[in-house]
Amino acid sequence: MTTRSETKTTLAHLLTEIERRNPAQPEFHQAVHEVLETLAPVVAARPEYAEPGLIERLCEPERQVIFRVPWQDDQGRVQVNRGFRVEFNSALGPYKGGLRFHPSVNLGVVKFLGFEQIFKNALTGLGIGGGKGGSDFDPHGRSDAEVMRFCQSFMTELYRHIGEHTDVPAGDIGVGGREIGYLFGQYRRITNRWEAGVLTGKGPGWGGSLIRPEATGYGNVLFAAAMLRERGEDLEGRTAVVSGSGNVAVHTIEKLTALGANAVTCSDSSGYVVDEKGIDLDLLRQIKEVERGRVDAYAERRGASARFVPGGRVWEVPADLALPSATQNELNEQDAAALVRNGVKAVSEGANMPTTPAAVHLFQQAGVAFGPGKAANAGGVAVSALEMAQNHARTSWPAARVEEELTRIMNDIHTTCHETAERYGAPGDYVTGANIAGFERVADAMLAQGVI
Ligand code: NDP
């Protein structure tokens with residue numbers, strides 16, 4: 001039997017080799033490192049997981065597609081962007097994961113997101129594999145017509161790689177209901193098929209599930225509530241800091257408010273707003289979703305309770321809870337130290353990998369309940385899988401039924417992570433619990449299906 005320390009050494013060598021074979025992909029290295037460093041207890045305890053090649057296969061995407069996306073802007077100039085789809089692992093079901101449109105998107109970012117997605121999707125228990133995609137296209141400041149032409153060009157290549165039984169994209173940063181509509185329209189036109197299950201996050205009138213837009217934010221708050229419950233506490237009366245002002249942030253603020261907490265911040269890449277009366281969601285949505293404006297406009301229009309801090313970070317605002325909901329590595333060690341100094345009790349990741357490894361370590365050392373994104377933000381993909389089920393059955397469930405399922409799934413994920421961490425000698429460590437529980441499900445399926 002291999003010991004834990006021998007296993008750790010083997011995993012460390014593996015990581016070095018993965019870094020060597022995938023140069024200049026720091027986000028991918030970080031995501032793989034975060035998973036591999038927690039797997040030693042389970043690999044040491046179950047010899048079948050030490051089988052040569054299993055973890056190497058898990059860290060190598062099944063397929064990676066990179067393509068040119070040419071389109072014309074409103075002045076008639078030709079623009080060229082790069083499109084990506086990484087189909088990472090289909091042992092548990094069709095590849096599933098969002099599309100991100102943001103200038104920072106490159107292959108390493110898409111691979112980090114796809115890798116995370118494998119474990120997240122496994123944790124939902126819903127039979128979906130892991131994938132991710134996107135483009136370095138920046139929708140900010142583009143007209144609807146430009147966004148439409150871009151989406152049509154993007155889908156003109158992507159359509160040949162996806163399908164309801166193959167690969168099912170959804171939204172992510174920069175891809176919301178508008179973009180999913182344009183993408184779905186072009187897919188339908190090219191294929192001449194009504195294949196609703198090929199994309200999720202659709203509009204409710206044409207195959208979308210109710211509660212899908214809300215699901216990631218709502219699910220994250222449910223996960224935070226479950227972590228607090230485990231410690232005999234609850235959300236009522238708590239102050240929360242939330243970063244971002246997009247889909248995840250808005251619905252996080254909505255659910256926090258509904259459960260009696262006070263969400264006092266939101267942000268975008270220009271800075272943050274703090275509103276001591278609590279964020280007024282109607283105003284925020286008007287500015288961000290209708291006018292597609294910036295958060296400084298919120299402070300201007302809200303009055304005395306709110307102020308805008310240009311270039312600042314929400315983590316300097318004292319709070320009981322922190323819910324990062326913007327992007328990767330947005331909460332570093334200094335931010336974590338400030339939150340701990342101000343008495344934060346729980347941190348729950350709405351975004352993917354928003355907390356740097358040093359910051360995670362600091363929270364864990366300080367005894368702060370820390371919910372990693374692959375567990376805490378799994379509500380979005382879970383309801384996407386429910387949307388696929390509704391599409392397959394040509395039916396549409398009432399909102400109450402979807403929300404009930406979401407609540408059950410988030411509580412199950414919490415219990416699974418909590419119990420798994422305890423079983424492997426890391427009580428209260430949701431990072432270890434999520435990684436091991438997700439890994440076990442995928443690894444078991446891969447072993448059963450042979451070397452492919
Ligand atoms: P949106 O595009 O709706 O919103 C993103 C928000 O984050 C915006 O406020 C944006 O500000 C801010 N942001 C993005 N990039 C940066 C950056 N580099 N620096 C500072 N701020 C930034 O995206 P979502 O809300 O859908 O996604 C947010 C996070 O949640 C992402 O990490 C995503 O992967 C994750 N996630 C999303 C799911 C979903 O269902 N949508 C599911 C699971 C996870 P600005 O407009 O200034 O760029």
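Order of listing sets the numbers, starting from 1, for every ligand and every atom in it.
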message: Can you tell me how the ring of Tyr430 sits relative to the ring of His418, calling it parallel under 30°, perpendicular over 60° and tilted otherwise?
response: tilted
- prompt: Centroid-to-centroid, Phe101 to Phe154, below 6.0 Å?
  reply: yes
- prompt: Is a side-chain donor-acceptor pair under 3.5 Å present for Glu333 with Thr356?
  reply: no
field: Side-chain donor-acceptor pair present, Asp74, Ser143, cut-off under 3.5 Å
entry: yes
field: Glu116 contact mode with ligand 1 (heavy-atom cut-off under 4.0 Å)
entry: neither
message: Heavy-atom contact check, 4.0 Å cutoff: does Ser104 meet ligand 1?
response: no
- prompt: Taking 4.0 angstrom as the limit, do Arg285 and Glu254 come out as a salt bridge?
  reply: yes
Asn352, any N or O under 3.5 Å of ligand 1 N or O: yes
message: Side chain, backbone, both or neither: which applies to Arg294 and ligand 1 if a contact is any heavy-atom pair less than 4.0 Å apart?
response: side chain
- line: Going by the 4.0 angstrom heavy-atom rule, the piece of His102 near ligand 1 is side chain
query: Is any side-chain N of the basic residue among Glu405 and Arg408 closer than 4.0 Å to the acidic one's carboxylate O?
result: yes
- prompt: What protein heavy atom sits nearest atom 31 (C) of ligand 1, and how far off is it?
  reply: Ala326 O, 3.3 Å
task: Tell me which part of Ser325 gets within contact of ligand 1: side chain, backbone, both or neither, using heavy atoms under 4.0 Å.
output: backbone
- request: For ligand 1, note which part of Thr216 has a heavy atom under 4.0 Å away: side chain, backbone, both or neither.
  value: side chain
query: Which ligand 1 atoms does Arg100 reach within 4.0 Å, using its non-hydrogen atoms?
result: 31 (C), 32 (O), 33 (C), 34 (O)
- prompt: Under 4.0 Å between a Lys/Arg side-chain N and an Asp/Glu carboxylate O for Arg85 and Glu157?
  reply: no
message: Within the protein, is there a heavy atom lying under 4.0 Å from atom 39 (C) of ligand 1?
response: yes
message: If the contact criterion is a heavy-atom separation under 4.0 Å, does Ser267 count as touching ligand 1?
response: yes
